[in-house]
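Naming convention: chains lettered A, B, ... in sequence-line order (proteins, then strands); numbering from 1 in each chain. For the numbers below, each heavy atom of this structure counts, side chains included, while hydrogens, waters and symmetry mates do not.
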Amino acid sequence: DSGVTQTPKHLITATGQRVTLRCSPRSGDLSVYWYQQSLDQGLQFLIHYYNGEERAKGNILERFSAQQFPDLHSELNLSSLELGDSALYFCASSVGTIGGEQFFGPGTRLTVL
Amino acid sequence: QQQVKQSPQSLIVQKGGISIINCAYENTAFDYFPWYQQFPGKGPALLIAIRPDVSEKKEGRFTISFNKSAKQFSLHIMDSQPGDSATYFCAASKNNNNDMRFGAGTRLTVKP
């Protein structure tokens, strides 16, 4: 158990809908990262937050957004969902922003029908 | 643009054999190179990591070899066991931002 929690574990929704994925980092970690894992794209870095502020963006679509709240939990919002958004979404956390281990949560499996 | 290229895509090894997975990177600013292990239904977990000031790092049966001039690094698993069967990801990041770029993954199967 990494200490990172993600909810829900599974999510099934329809095209065009909007969903919110939630992540609670390990106690003491200030950085939260979001990744998308699909069969054909591997693990893709989406976005990084540190202590409530956005630090970096990766391959995140404009339909996706994220935020980190004062209690350090983070939410990833996916809107106007398409079939191709079906994937595993992982959250990871680390102590700071400088190189080191990232601890991954168990992931949320999103299925868009 | 794939910044970290990993091979092979899949690997089958007999129990007791050596598993070797290779990665190459493009960005010379990368200075942290971890390997993650992922079991089905789980998130990736850090296995071993190296920084470019050393050419090799060993932890138990797992060794990273690093070639800075060739921009390549590899994972060697000695005495491979069926319990090592998992997907392995190499990754790279810059020390100043920790934003990780992952390879495509290698599915390792160790046959008993």
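- Side-chain contact check for B/N67 and B/S69: at least one donor-acceptor pair (N or O, by modelled atom type) lies under 3.5 Å.
- Nearest approach of B/V4 to B/A92, heavy atoms of both residues: CG2-CB, 3.9 Å.
- For the residue pair B/Q6 and B/A104, the shortest heavy atom distance occurs at OE1-N, 3.7 Å.
- Using a 4.5 Å heavy-atom cut-off against chain A, no residue of residues 53-63 of chain B qualifies as contacting.
- Contact annotation for A/S94: only side-chain heavy atoms (C-beta onward) come within less than 4.5 Å of a heavy atom of chain B.
- Partner B/I77 forms a side-chain contact (heavy atoms from CB on, under 4.5 Å) with one of B/L108, B/I18, B/V110 and no other, that one being B/L108.
- Centroid-to-centroid, the aromatic rings of A/F104 and B/Y36 come within less than 6.0 Å.
- Residues B/P44 and A/L43 approach most closely at CG-CD1, 3.9 Å, considering heavy atoms.
- Within 6.0 Å of atom CZ in A/R109, 12 or fewer heavy atoms from other residues, nucleotides or ligands are found, so the atom counts as exposed in its surroundings.
- The number of heavy atoms from other shown groups lying within 6.0 Å of CZ (A/R63) is above 12.
- Considering all non-hydrogen atoms of both residues, B/F73 and B/P34 come closest at CE1-O, 4.5 Å.
- Proximity to chain B at a heavy-atom threshold of 4.5 Å picks out A/F90 from residues 70-91 of chain A, in numerical order.
- The cluster map of Ile, Leu, Val, Met, Phe, Trp and Tyr, joined by side-chain heavy atoms under 4.5 Å apart, puts A/V19 and A/Y35 in different clusters.
- When each of A/Q6, A/Q102, A/Q44 is scored by its heavy-atom pairs under 4.5 Å with chain B, the top score falls to A/Q102.
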